[in-house]
Amino acid sequence: MPPNEPTTSTTTTAPTPVPAPAPAPAPTTHRSAPAVSLAGAAKAYGDVRAVDGVDLEIARGETVALLGRNGAGKSTAIALLLGLCPPDEGAVALFGGPPERAVRAGRVGAMLQEARAVPRVTVGELVAFVAGRYPAPMPVEQALGLAGIAGLAGRRVDRLSGGQTQRVRFAVALAGNPDLLVLDEPTAALDVEARHTFWKSMRAYARRGSTVLFSTHYLEEAEAHADRILVVDRGRIVADGTGEELRRAAGGSRVSFDLAGRPTEGLTLLPGVRALEVRGDRALLRTEDSDATVVALAELGAVRGLEVAPASLDDAFLALTAVEATTAERESAR
Ligand SMILES: Nc1ncnc2c1ncn2[C@@H]1O[C@H](COP(=O)(O)OP(=O)(O)OP(=O)(O)O)[C@@H](O)[C@H]1O
């Protein structure tokens, strides 16, 4: 592995590295610069604006989740900030300088999608090899310990379970002793127990005051393991805050009732209602004004099993991305 690539044992679907470094925003001093800084960063593939003018700062020591559906632009944003491809517009900096510099110095560890196991070497050999490429690596035992695989040092990397392999990749990402760890969907395809173990390792690393940025489709993971959630939709950041703040920003409540065979036509036209979901014989209405919605339902006689609850994080996510869709549709209709 050349020393100018992030510490990772993976191959990736992200675009291939381009030698020309991305222009860095005017740096503040390196000591005080944020871990990650994107200013108006944009990247398009043909007509698709995968990253569409993102402004973002991540302070040192923060654990941040990039949350979005398939194709929202998470991996492309990660590729930009790792310097794996230059932005078409805008600027990207890590620790106040070009991403390549931070990566070369071992300050950045990454776990990207699509891992391919290296055959025949042991876990300890692999981590030691990668550590040896960096100027101030983490001791191998420490990387294995933080990844929770101290007992696997002598095992061949191509003979491990999915969960073990993922933790080996995590140890490899730690090998350069990075200040910033970037994880692209690190728990995809892991079972519940393996996920739990993985997040425990990630938190042990974050507790050292390091910065972590991870992407996920899972709302619960974002809320449980990040200090801050960035909701990404169509290449833009449409919300930025804690889970609680996102719920508040999306606003509203959820009103549900038993349909009891009643048709659903017209329910979305009731006062306050923003969306309708039908689960079996139950209607779930997302509403901005639960009082008005409940009165209207009462007038229709649709009160069987009626419940009113605050919006969930799921509701907030759907509302935030739906609002953005409406805005985008309005813009494209102009
Ligand atoms: N190399 C590429 N060539 C063409 N289009 C691409 C390329 N990489 C990404 N895209 C497109 O850019 C958009 C954003 O993709 P990206 O992989 O960044 O999303 P994502 O949020 O990481 O998705 P997922 O959760 O499915 O991994 C998508 O429409 C995708 O099809």
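Order of listing sets the numbers, starting from 1, for every ligand and every atom in it. Counting from 1, the numbers follow the sequence of the chain as shown. Scope of the values below: all heavy atoms of this structure, side chains included, with no hydrogens, waters or symmetry mates.
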Item to complete: On the 0 to 90° scale, with breaks at 30° and 60°, tag the Y205-F170 ring pair as parallel, tilted or perpendicular.
Response: perpendicular
Worksheet item: Counting from 1, what ligand 1 atoms have a heavy atom of A50 closer than 4.0 Å?
Response: 12 (O), 13 (C), 14 (C)
Worksheet item: Could you state the interatomic distance from CD (Q164) to CZ (R155), rounded to the nearest 0.5 Å?
Response: 5.0 Å
Fill in: Side-chain heavy-atom pair L285, F257 within 4.5 angstrom cut-off
yes
Worksheet item: Counting both backbone and side chain atoms, is some N or O of A72 under 3.5 Å from an N or O of ligand 1?
Response: yes
Fill in: Closest approach of G68 to K74 (non-hydrogen atoms, all atoms of both residues)
O-NZ, 3.0 Å
Worksheet, complete the sentence: A student checking ligand 1 against H217 at a 4.0 Å heavy-atom cut-off should list atoms 25 (O)
Practice prompt. Please could you name the atoms of ligand 1 that R69 approaches to less than 4.0 Å, counting only its heavy atoms?
Written response: 21 (O), 25 (O)
Fill in: Nearest-option assignment for atom 24 (P) of ligand 1, heavy atoms, candidates R234, K43, R49, E185
E185
Fill in: Check: G73 N/O within less than 3.5 Å of ligand 1 N/O
yes
Item to complete: For N70, take its heavy atoms, then give the atoms of ligand 1 lying under 4.0 Å from any of them.
Response: 23 (O), 24 (P), 25 (O), 26 (O)
Practice prompt. Find the distance between OG1 (T122) and CG (D158) and round it off to the nearest 0.5 Å.
Written response: 10.5 Å
Worksheet item: Got a second to check how far S201's OG is from H196's NE2, nearest 0.5 Å?
Response: 10.0 Å
Fill in: Under 4.0 Å to a heavy atom of V48 - the qualifying atoms of ligand 1, by number
12 (O), 13 (C), 29 (O)
